[in-house]
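Only this structure's heavy atoms are used, side chains among them; waters, hydrogens and symmetry mates stay out.
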Amino acid sequence: MTDYKNISVAVPWSLSHYIPLNGFHPLYRALFDSHPENITINAWDNIELSKMLRVDSEQRTELLNAVSVQHKILKSKISSDLAAKYLEGYFPPNIALTSLLSGDIEFHHTAPFPSLTRPFVFHCESFAPLFFPFYQQGKGEFLSSEKLRSHYLRILSDPLCLGIFSHIPETLRDISHFFNSPAIDAKLHPSRIGLSSQSLPKDVPEKRWPVSTPRFLFVNSANQNPANFFHRGGHVVLRFWREFIALGCQGKLYLRCARPSDELLSKHGVDITFLHREESSSVIWIQDYLTNQELNALMSDVHFFLIPSASLHSVSIMQAMASGTVPIVSDTIGTSLYVKDGHNGIVLEGVFSANWKKDPVTGVLVDNYHRNQALDDSLVAQLLSRVVTVLAEPCFFYELRKNALFSAYNQFSGHSFSDDFWVTVQTLFTEHISNQNRSVIISSTTVNSLERCLLDKNDWPRIFESVPNPITRIYTGYGWVTELGGNFIHTRIEDPARDLHEWSVLAVYCKKGAPCLNYAISIKKLGGRFLSHTESVYHESHLYIIKSWVSRLLMPYSRLHRLGARSFKIARKVKRSLSKQVDPVQKIDDIHDIQLIKQTTSGMNVIRYFDKYYAIPQNEGAFLIEKANSSGYSVCFFGNSAEEVLLNVAESSLQTESFVEMPEKNIAPLELIEEGFYEFNIIRFIDRFYALPQSEGNFQYNRFLSGRYDRIYCSESVAAVKAEITRYRK
């Protein structure tokens, strides 16, 4: 018998799967960062795949034909209305593309959507999300449970399903009860869990603040999704804070989440008058997305992590523990795996008994998220009592902290999780191969020729640490730049992505009306497409690369630069007229030489156009030289250098911004918040916080606006500024 020692794993997560399933979820990063040498992991690189589809017509035709064939095979297997909805829920071209991804087996998490062309393994944390898109947590009951059982029984009992894993015992138990199938029971495997060492802080410093003035942190979820503030217990945290301050206690409360409206907060029992008062002192909202490193820095700086949530959030709890922060959690299902009350954290009671019930039809535990005033009151009272008790005995806090750190680095070791999981997978795969013909594993010339479209192993940190939900980074009036899943994606204003599937690389080729998306590893690599209505001409081409290189070379010599640009335009026009063909670069000469230099805090885009620099309002569309020359913008500055233009912007801002609204004087007061934080001074000016090196002297707003500080950090909160400083030091 052949020993299949080396295994290649296909990870079929495309962009359109990031949003509902959290894509490359940090819970599974250890499996990628710490996999054994005999395991090879393959996933599509959306940037390279989209580039290939755009520029290689022969390969595009071959790939799309293969996708079409696989799509027809998938449709032929549809046996019910629910099966058809399942297929559409995951966008058939994406599942077809999965079947063309090289690998011996597939790895799925959270919800299974295998191609069923080769073996696969499945890992999940919670039971209910397994049935996405038909069921999600908090619904309270299973609808059409027989149809669900029939459809997913076919998938999970298939011989190609090698194993079903979970680190939560209740999840494995519910899977067994729901399906009542010996075939599925034989595939259930308990697993370890743990975070990748690469996602954790390199060292854990002592808390900078004494426990007598504690810092608290609330984060709505590991992926920082802003939609579930109340399910995470954010309103309970704010109500607790009111009682905590009323006792005469001091401290800070950081909330890393979008701030709900006053109306919603009030509806959930939050004292809005108190909140407005404390938002200028003890309550700090951090509404921008934080990178993993920034979140680590923030967690390391606080004493307690608060998440009195209706559901489990494993990554947040483990990340807090690894930062030396004491978790305070609810007794929802799965919590007991991580937090032992009074040992390495604090567990608030009542959520399980109030929200979780056994479904009478299926016999599994289901949760029902609903407003429960009595439960909220109880959680607030428990939270206040437990925190006050810990603060009264500082030694107790440090004991909890020590045990939390020990749990994070021993019980929840990412290396141990990865080793145990992959050893089991290798054993299952070897047993499967000994009983099956290995020809079932797909292999084709199409797959082999697409190796350049696979993610490199060095790309995993970028993918895992990027945002799992689309976040707009730039809007110019002619288009958006959206960050999602390690990619920066440009979409035109008249051609936006309207639904989930339109974020897929294949959507524009397989879905009528889908937008044309441009992918890049950074905003800079988009080449300025978002600055003009003619951005679509920035397709990759050797000609444009040469043109950009020559432009940079001649930049110091303005006359030569202008002469070169004119010569290039003439040459292109002559070439087109001689060939009588449409230029494949789509009139690239009409774009001219344009580059976004800076986006200022006062709402201006600074743009280089050939050897001149311009500043125009960000909300007035793309830069057009004709519009600038004809005074078509409400405000427009220009000069021979970026610094000259920035100084003009700064001077204008000083005259026209909110200073005029200040009483008595035309100058807003500066407030020193903290002195000497890693040799930085933190200052509040109007509604923002600034950190500048102590060697820079006093803070000057016009100097900041003109970009003349070598190093300065600005954000809406002290915590975010500190996170930036800590990140810089590392």
Between [X] and [Y], is there a donor-acceptor pair closer than 3.5 Å when you use the side chain of the first and the backbone of the second?
| X | Y | answer |
| --- | --- | --- |
| S309 | L312 | no |
| S522 | K525 | yes |
| N65 | T61 | yes |
| R232 | I307 | no |
| S34 | L31 | no |
| S126 | A128 | no |

Problem set entry | Pair H35-T40, side chain to side chain contact (heavy atoms under 4.5 Å, CB included): steps then yes or no | CA-CA 8 Å; H35 64 79; T40 302; over 6 Å; no
Tell me if the centroids of the rings in [X] and [Y] come within less than 6.0 Å of each other.
| X | Y | result |
| --- | --- | --- |
| Y86 | F131 | no |
| F32 | F464 | yes |
| H109 | F122 | no |
| Y152 | F179 | no |

Exercise. Among all residues two or more places apart in sequence or in another chain, which pass the side-chain hydrogen bond (donor to acceptor under 3.5 Å, both in side chains) test with E125?
Worked result: H167, S314
Seminar exercise, completed: Across all chains, not counting sequence neighbours, the side-chain hydrogen bond (donor to acceptor under 3.5 Å, both in side chains) partners of S176 are D185
Exercise. Do NZ/NE/NH1/NH2 and the carboxylate oxygens of R452 and E48 come within less than 4.0 Å?
Worked result: no
Problem set entry | Sidechain N-carboxylate O distance under 4.0 Å for E146, R149 | yes
Solution key, residues 153-164 side-chain donor-acceptor pairs under 3.5 Å, sequence neighbours excluded:
from, atom 1, to, atom 2, distance (Å)
S157, OG, L153, O, 2.3
D158, OD1, L160, N, 2.8

Exercise. Can you list the residues that meet the side-chain contact (heavy atoms from CB on, under 4.5 Å) rule with S68, with sequence neighbours excluded?
Worked result: K72
For this session: Would you please name every residue forming a side-chain contact (heavy atoms from CB on, under 4.5 Å) with K147, sequence neighbours left out?
Result: L82, S144
Exercise. Could you walk me through whether L97 and L49 pass the side chain to side chain contact (heavy atoms under 4.5 Å, CB included) check?
Worked result: CA-CA 11 Å; L97 190 61; L49 189 60; 3.8 Å; yes
For this session: Could you list all the salt bridge (charged side-chain N to carboxylate O under 4.0 Å, His left out) pairs where at least one residue sits in residues 454-478, not counting sequence neighbours?
Result: R29-E465, D459-R462, R473-E483
For this session: Taking atom types as modelled, find out whether E451 and N42 have a side-chain donor-acceptor pair closer than 3.5 angstrom.
Result: no
Exercise. Does E106 reach the side chain of S115, with side-chain heavy atoms less than 4.5 Å apart?
Worked result: yes
For this session: Let me see the working for V425 and F107 under side chain to side chain contact (heavy atoms under 4.5 Å, CB included), right down to the final yes or no.
Result: CA-CA 10 Å; V425 168; F107 170 63; over 6 Å; no
Exercise. Can F417 and F165 be said to form a ring-ring contact (aromatic ring centres under 6.0 Å, His included), step by step?
Worked result: CA-CA 12 Å; F417 170 38; F165 297 79; 9.4 Å; no
For this session: Test F127 against F178 for ring-ring contact (aromatic ring centres under 6.0 Å, His included), laying out the working first.
Result: CA-CA 10 Å; F127 174 68; F178 184 81; 5.6 Å; yes
